[in-house]
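Report on the structure given below.
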Amino acid sequence: MALLFRFSQLRNSIWSSCPARLRMQHTGLSPGTLLDPKSYEKRLFSTRVQETASLHRTDLGPCISGIQPLKFQQTSEHEQSAPLLIFDIETTGFFQKTTGNFQKGNRITEFAVRDLCGGKNSTFETLINPERDVPGYLKKVNNINTDLVCKPDVPRFSDVLPLLLAFVQSRQTPGKPVIWVAHKANTFDAPFLAQEFNRCSAQMPEDWLFVDSHCLARKLPMLEPSEDKKHLLNLESLSKRYGISAEGSAHRAMKDVTTLCHVFQKMSFDLKLTYEGLINEATKASYFSKLLK
DNA sequence: GAATCACCGTCAGACACTAT
DNA sequence: ATAGTGTCTGACGGTGATTC
């Protein structure tokens, strides 16, 4: 156990010390085939792209009312122009590796993402048809059931994929990585995303980097010496810590994304997180693709 | 030198937490 | 309902100080 623990620590150390800046490679879908983001709303599907209050491109803070823009400390080597995408998914259950049998295992039922840079078309959210039943107990968790997502006007992930890639491409700065942030990204959201890409015979672009806000939360200083840290790492506890009031439907993807946007910038401030520091915390997309093999 | 004790670090197992 | 990770606790061994 301890050996495994040390291996885990060593592995994390290696990952976090590896500067991950890679050139964009094949996504499995050529840019020419990607749909124009402007055409999203013409589709029958319930996929939506929305505008939030615009912010200057060099401000990596969110563009949510009542929140001050967050600025990372500048370094000489990095310019602050990589998109920072806060995302969340709802699924039919927990992540289970389903090598070679894509009919089994859990699927994504909702996807939401918000670009912290804000501006026009800075959010993307959609229900996703999981092509399987949604367990009844999840109705209580996120109010998503089989009747809501298993119908013809809800797109499958393979339908959403080109839209998602187009959305990211529309937010991306050429030559810069795309930084995805989610709570428990390393063990839940990113592996799920990699699995769905895999099902579509596609690969996540190699310049996609994933940052787990749960890992960042572990580094936060305790407010009280007697505080039990393990009870303060979920998104709800973090939002309470920072006095953030939840808006929207309970435990739905975009609501959690909005909450995480607030929490993330507060955490970044507390941790004095630099852009370079964030890059060092990130895990490359290819890592999650390899997990499936 | 031998025996005893306290302290510290390591280890294994159990449990809790987290995501949906 | 799953799986990975962190924390806690008790057991154990090593080391140094103290006492006889």
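Lettering follows sequence order; numbering is per chain, from 1.
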field: A/Phe288: partners by ring-ring contact (aromatic ring centres under 6.0 Å, His included), with sequence neighbours left out
entry: A/Phe210
With sequence neighbours excluded, what pairs up with [X] under the side chain to side chain donor-acceptor pair (under 3.5 Å) test?
X	result
A/Asn145	none
A/Lys139	A/Asn143
A/Ser239	none

Give the table of side-chain donor-acceptor pairs shorter than 3.5 Å for residues 178-188 of chain A, with sequence neighbours excluded, one pair per line with atom names and distance.
unit_1	atom_1	unit_2	atom_2	d
A/His183	ND1	A/Ser213	OG	2.7
A/His183	NE2	A/Leu233	O	2.7

Rounding to a whole Å, what distance do you find between [X]:[atom1] and [N]:[atom2]?
X	N	atom1	atom2	answer
A/Asp133	B/dT20	CG	C1'	16 Å
A/Glu90	B/dT20	CD	P	5 Å
A/Asp256	B/dT20	CG	P	6 Å

Describe the nucleic acid contact of [X] in one word from base, sugar-phosphate, nothing, applying a heavy-atom distance below 4.0 Å.
X	answer
A/Ile144	nothing
A/Tyr137	base
A/Asp212	nothing
A/Phe188	sugar-phosphate

Pairing of A/Glu196 and A/Arg107 as salt bridge, 4.0 angstrom limit: yes
Of the listed nucleotides B/dT20, C/dG4, C/dT5, the one nearest the side chain of A/Arg218: C/dT5
- request: With axes from five pairs an end, tell me the bend angle of the helix from B/dG1-C/dC20 to B/dT20-C/dA1, nearest 10°.
  value: 30°
